[in-house]
Structures are given as C-alpha cells and as structure tokens.
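One structure below.
Everything quoted here is computed from the prediction, not taken from an experiment.
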Amino acid sequence: GQEQVKEDARGYAAELKRRISEEKQIAVKVLLSEVRRTAESAATFVKELEELIQKEGLQGITLLSPRKDADIKTTGTLGPLLEKGTSKLEAYPAWVTMDETELKDLGVRTPTEIFNVIKKFADKKSTLSERLSEDGPSLDYVCWTHETTHGAVLKGFGHEPVRPNFTEPIEVDMDASGKSKIIFRGKEFPIS
C-alpha cells in the first residue's frame, strides 16, 4: 500500500531529476479523482515527492497544489456489478471482458465510456500543457484514478486490459508532433 506509493514517488522524482538537465524547468500538477482512497494515496505521493524535491535540492521542479478533478471520475463501473452479486475478485475481469451492451443493460459504465472520458481529459490537458510550456516550464500531470481507468485505456488502445497492481503507473505521453505513446510495464505502445 503506502510503501508502494512512496516507491512510486521516488521513481518519479528520479525521472524528474533526469529530465531537469534536458529542460529548463518542470511543473508538476497532481490531479485525483473524487474517491477517498485515491485522495489518501495521492496525499502520500505528494508528501513524499515534496520531501524528495527539497532533499535533493531540485530547484527546477515546481510542485503545484494538488486538486480533485471531476473530469477523471471513473466510478459507476465495478460497484453495480458487485451489487448484482459479482464477487470482488471477479468484478474487474468481468467488467473488462463483458459485452458492452450487457454492461449497459446492467447500468454499468463501459470500458469504452471510461476510455472516452480519459481520452477527452488527456487531450484537454495535453493542449493546455503545450500552451503553458511554450514560454514557461514543461508541465507534467500526475493523475490518481482507479484500476478501471487502466483497463479502459489499455483496452481502448487495443492492448490487453490486464489488472494493475496497487499503484501501478500507466504513462500517456502526448506531444504536438503526433508521436504519442502509452507506457505500461516497461513496454511502449504507439498511439494516434
């Protein structure tokens, strides 16, 4: 749980440190869904990242105030399946593999719906980041959501929607040249 979140922060801080030498400055904005457990994990991540930035003397990194963002709300997926009797262990695999018409009939938000929400969010943040980065620091968004987000993004880009570990990151790297990619478990997948 929390130790994995701290490890994620250390890994991300190391990546930021490497990138400072390539870029003039980096601003980091942590966005999180409105669900309590994501807020708890994100708070641990932010605290750890703040401490690492201070300890390492990384003046080129600015950590902006974290905030909840309703645009990445991915609820309404597993809860309805659980209410209908699907076990906790089987809810996620059922959600990513069930026919979407059947999911809709059960009142469940489908992987395609979640993918479209996240894609719209990523497109909006990418455009904003490009505008802000023209004259200022590079802008990184760190988003804390749910396992369903991972599954929907991977499935939406045509990859196996495997179940993530507790705080397993999926990186969406979008640039103005159209050479965007997702990175998951050390593999890069080109996207268009």
Side-chain angles (χ1 to χ4, degrees), residues 1-5 7-8 12 29-45 66-129 140-175 178-192:
Q2 296 301 318
E3 282 308 310
Q4 182 61 51
V5 173
E7 183 60 33
D8 290 341
Y12 182 60
K29 181 72 173 178
V30 176
L31 302 173
L32 51 134
S33 74
E34 298 172 324
V35 176
R36 182 183 49 80
R37 70 178 185 272
T38 60
E40 291 169 356
S41 295
T44 300
F45 177 82
R67 75 175 172 84
K68 293 179 180 179
D69 193 316
D71 287 345
I72 54 176
K73 187 175 183 180
T74 61
T75 56
T77 54
L78 303 186
L81 290 175
L82 294 169
E83 290 169 10
K84 303 244 186 282
T86 305
S87 73
K88 268 188 163 183
L89 203 55
E90 292 301 315
Y92 175 82
W95 182 75
V96 293
T97 59
M98 280 177 76
D99 178 79
E100 293 206 358
T101 304
E102 188 178 348
L103 288 172
K104 283 184 180 183
D105 289 344
L106 293 171
V108 176
R109 291 176 71 198
T110 68
T112 299
E113 289 173 311
I114 298 300
F115 173 76
N116 289 335
V117 165
I118 298 302
K119 175 102 172 62
K120 182 178 175 184
F121 168 81
D123 289 344
K124 185 167 86 174
K125 295 305 180 193
S126 179
T127 300
L128 179 61
S129 181
D140 272 19
Y141 288 100
V142 176
C143 303
W144 285 83
T145 62
H146 316 276
E147 65 189 348
T148 52
T149 307
H150 280 71
V153 169
L154 290 168
K155 188 173 183 176
F157 286 127
H159 304 290
E160 181 185 355
V162 295
R163 185 178 204 132
N165 293 323
F166 179 67
T167 62
E168 191 168 13
I170 184 169
E171 181 180 345
V172 181
D173 186 0
M174 305 178 80
D175 62 25
K179 295 180 181 175
S180 301
K181 62 188 172 188
I182 60 172
I183 303 165
F184 183 67
R185 294 186 177 171
K187 292 183 183 177
E188 290 186 12
F189 305 99
I191 59 177
S192 57

Exercise for review: For the pair Glu90 (side chain) and Ser87 (backbone), establish whether a donor and an acceptor sit closer than 3.5 Å, ignoring hydrogens and angles.
Suggested key: no
Point to revise | Derivation and outcome, side chain to side chain contact (heavy atoms under 4.5 Å, CB included), residues Lys29 and Arg67 | key: CA-CA 8 Å; Lys29 181 72 173 178; Arg67 75 175 172 84; 4.0 Å; yes
Review point. Is a donor on one side and an acceptor on the other found under 3.5 Å between the side chain of Arg109 and the backbone of Ile114?
Key: no
Review point. Has the side chain of His150 got a donor or acceptor atom that lies under 3.5 Å from a matching backbone atom of Thr148?
Key: no
Study note, to complete from the structure: Value for OG1 (Thr44) from CH2 (Trp144), rounded to nearest 0.5 Å, stands at 8.0 Å
Point to revise | Check: Leu82 main-chain N/O paired with Thr86 side-chain donor or acceptor under 3.5 Å | key: no
Review point. At what distance, to the nearest 0.5 angstrom, does SG of Cys143 lie from CD1 of Ile118?
Key: 7.5 Å
Study note, to complete from the structure: Heavy atoms of Pro111 and Ala152 approach each other most closely as O-CB, 3.4 Å
**Study point:** Spacing of Leu106 atom CG and Trp95 atom CH2 [to the nearest 0.5 Å]
**Key:** 13.5 Å
Point to revise | Any residue meeting side-chain contact (heavy atoms from CB on, under 4.5 Å) with Glu102, in chain and number order, not counting sequence neighbours | key: Met98, Asp99
Review point. Thr149: what forms a side chain to side chain donor-acceptor pair (under 3.5 Å) with it, not counting sequence neighbours?
Key: Thr74, Thr145
**Study point:** Gap separating the CG atom of Asp69 from the OH atom of Tyr141, nearest 0.5 angstrom
**Key:** 9.0 Å
Review point. What's the shortest heavy-atom distance between Leu32 and Ala42, and which atoms?
Key: CD2-CB, 4.0 Å
Review point. What pair of heavy atoms forms the shortest contact from Ser33 to Lys68, and how long is it?
Key: O-CG, 4.2 Å
Practice item. Decide yes or no on side chain to side chain contact (heavy atoms under 4.5 Å, CB included) for Glu147 and Leu78, but give the supporting numbers first. Key: CA-CA 10 Å; Glu147 65 189 348; Leu78 303 186; 3.1 Å; yes
Check your understanding: If you take all heavy atoms of Val108 and Pro80, which pair is closest and at what distance?
Key -> CG2-CB, 3.6 Å
Point to revise | Sidechain-backbone polar pair: Glu100 side chain, Thr112 backbone, donor-acceptor under 3.5 Å | key: yes
Check your understanding: Only one of Lys120, Lys125, Lys124 forms a side chain to side chain donor-acceptor pair (under 3.5 Å) with Asp71, so which one is it?
Key -> Lys124
